[in-house]
Amino acid sequence: MTRADPVTVDTARLPLLLSELRLPTVNRLWTPFAERAEQEGWPPARFLAALLEHELAERHQRRIQRHLQDARLPPGKSFATFDFAAVPSLGKARILALGAGGSWLDKGANLLLFGPPGTGKSHLAAALGDALVATGYRVLFTRTTDMVQKLQAARRDLTLAATLDKLDKYDLLILDDLSYVRKDQAETSVLFELISARYERRSILITANASFGTWDSVFPDPAMTVAAIDRLVHHATILEMNTESYRRRAALSRTNRRADADAADPPQTGTA
Ligand code: ADP
Ligand code: MG
């Protein structure tokens with residue numbers, strides 16, 4: 001800007017300038033803040049800093065909100081709704097530490113959650129994802145079969161490499177229910193390509209009903225099964241949810257509560 005090219009200052013243009021500069025929070029707050037600044041005699045620097053701090057804080061919130069939508073986590077499955085006492089072997093502190101991210105995500109380590117149906121694998125995976133997004137990480141939750149289909153379509157379109165590259169933006173890819181993938185349904189070596197592409201760079205969380213013994217039915221041949229498992233477990237935390245089905249237990253405890261209530265307050269029978 002030279003003296004020959006003076007800036008016109010027109011406060012009426014403020015809303016336009018702020019929207020042009022993409023500062024929606026400043027746009028919303030500057031009027032009430034200006035009133036307060038005048039009343040309380042804030043120096044101009046304080047007024048400006050207060051507005052910009054709010055802009056930054058809301059920008060951060062908006063980003064996390066976007067990442068949360070993008071993560072496609074199942075609703076309602078958070079740490080807040082997870083009953084850690086139901087799976088004492090897990091260790092709550094250890095799980096919460098994993099949910100804070102840090103070194104395991106930085107080095108692309110993996111997390112494997114094994115256990116029979118109904119033991120809370122999907123819930124725990126989603127809760128970890130939810131906590132990580134809130135901390136600022138990028139997460140994608142998907143059924144393994146959906147991911148396999150998506151990657152197969154990409155391979156047919158000759159865009160597999162680009163699709164795998166795009167998944168790199170996620171610090172953690174949650175592949176729910178690996179055991180439901182069947183190699184006879186379709187060719188599943190794309191899953192191996194995904195595992196190889198992320199190896200030692202980007203983390204994967206896998207849930208499965210059965211541990212490695214049955215994975216031969218997932219990958220096209222035994223050598224590929226071994227190679228996939230080898231890469232997955234090289235840097236991995238393996239958690240076994242060896243409890244009874246939470247659904248079944250919840251149903252049983254409802255029945256027991258009803259039985260207890262009936263015992264405490266027996267139905268009136270016979271004559272008084
Ligand atoms: P899995 O994926 O192992 O088959 P889910 O995570 O789908 O099991 O759990 C089955 C149901 O039980 C879900 O509604 C889930 O929210 C609930 N559930 C499982 N474990 C717990 C737990 N420890 N605390 C609270 N709810 C749980
Ligand atoms: Mg599940």
Side-chain angles (χ1 to χ4, degrees), residues 68-101 104 110-135 137 139-151 167 170 172-183 185-186 188 191 194-195 198 203-219 228-229 232-233 236-258:
L68 204 52
Q69 278 174 3
D70 193 33
R72 289 187 243 153
L73 296 161
K77 309 296 180 190
S78 63
F79 283 148
T81 56
F82 190 79
D83 175 12
F84 282 94
V87 211
S89 63
L90 278 181
K92 182 175 179 177
R94 182 183 180 205
I95 300 297
L96 294 185
L98 288 168
W104 74 280
N110 300 318
L111 191 55
L112 307 175
L113 287 183
F114 296 141
T119 50
K121 301 181 299 295
S122 298
H123 188 142
L124 191 62
L128 280 162
D130 177 70
L132 289 169
V133 171
T135 313
Y137 290 97
V139 173
L140 179 66
F141 185 105
T142 160
R143 282 191 302 194
T144 316
T145 48
D146 291 347
M147 179 55 75
V148 166
Q149 272 177 21
K150 175 183 151 133
L151 295 178
L167 292 171
Y170 297 109
L172 181 67
L173 196 57
I174 300 178
L175 299 176
D176 197 28
D177 280 328
L178 176 105
S179 1
Y180 292 160
V181 175
R182 283 287 166 269
K183 65 178 168 190
Q185 279 173 346
T188 50
L191 192 56
L194 175 66
I195 291 165
R198 292 179 76 87
S203 301
I204 299 180
L205 189 167
I206 283 179
T207 79
N209 288 339
S211 54
F212 311 114
T214 61
W215 286 24
D216 262 338
S217 61
V218 171
F219 293 94
I229 293 172
L232 281 174
V233 302
T237 302
I238 301 178
L239 302 173
E240 303 258 2
M241 324 262 291
N242 284 328
T243 54
E244 235 198 302
S245 160
Y246 191 84
R247 276 189 283 256
R248 216 173 79 81
R249 269 189 294 173
L252 277 177
S253 87
R254 277 194 301 275
T255 317
N256 289 343
R257 266 203 307 278
R258 221 171 299 133

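Every number for a ligand or one of its atoms is a count from 1 in the order of the listing. Just so you know, these numbers use all the heavy atoms, side chains as well, and skip hydrogens, waters and symmetry mates.
- Ring pair Trp215/Phe212 is perpendicular by interplanar angle, where above 60° counts as perpendicular and below 30° as parallel.
- Enumerated by chain and number, the residues approaching ligand 1 to less than 4.0 Å through a heavy atom are Lys77, Thr81, Phe82, Asp83, Ala86, Pro116, Pro117, Gly118, Thr119, Gly120, Lys121, Ser122, His123, Tyr246, Arg247.
- When atom types are taken as modelled, the side chain of Asn110 and the backbone of Ala236 share no donor-acceptor pair closer than 3.5 angstrom.
- Judged by distance alone, with hydrogens and angles left aside, the side-chain atoms of Lys121 form a donor-acceptor pair with the main-chain N or O of Pro116 at under 3.5 Å.
- Each protein N/O/S atom under 2.8 Å from the Mg ion (ligand 2) was counted, for a total of 1.
- At distances below 3.5 Å, at least one donor-acceptor pair connects side-chain atoms of Ser179 with backbone N or O atoms of Asn209.
- The aromatic rings of Phe84 and Phe79 lie tilted to each other, with the angle between the two planes from 30° to 60°.
- Counting only distance, with no hydrogens or angles, the side chain of Thr81 and the backbone of Gly76 share a donor-acceptor pair below 3.5 Å.
- Closest heavy-atom contact between Leu128 and Ile95: CD2-O, 3.7 Å.
- Side-chain polar atoms of Asp130 and Ser78 form no donor-acceptor pair below 3.5 angstrom.
- A distance-only check finds no donor-acceptor pair linking the side chain of Arg72 to the backbone of Phe141 [under 3.5 Å].
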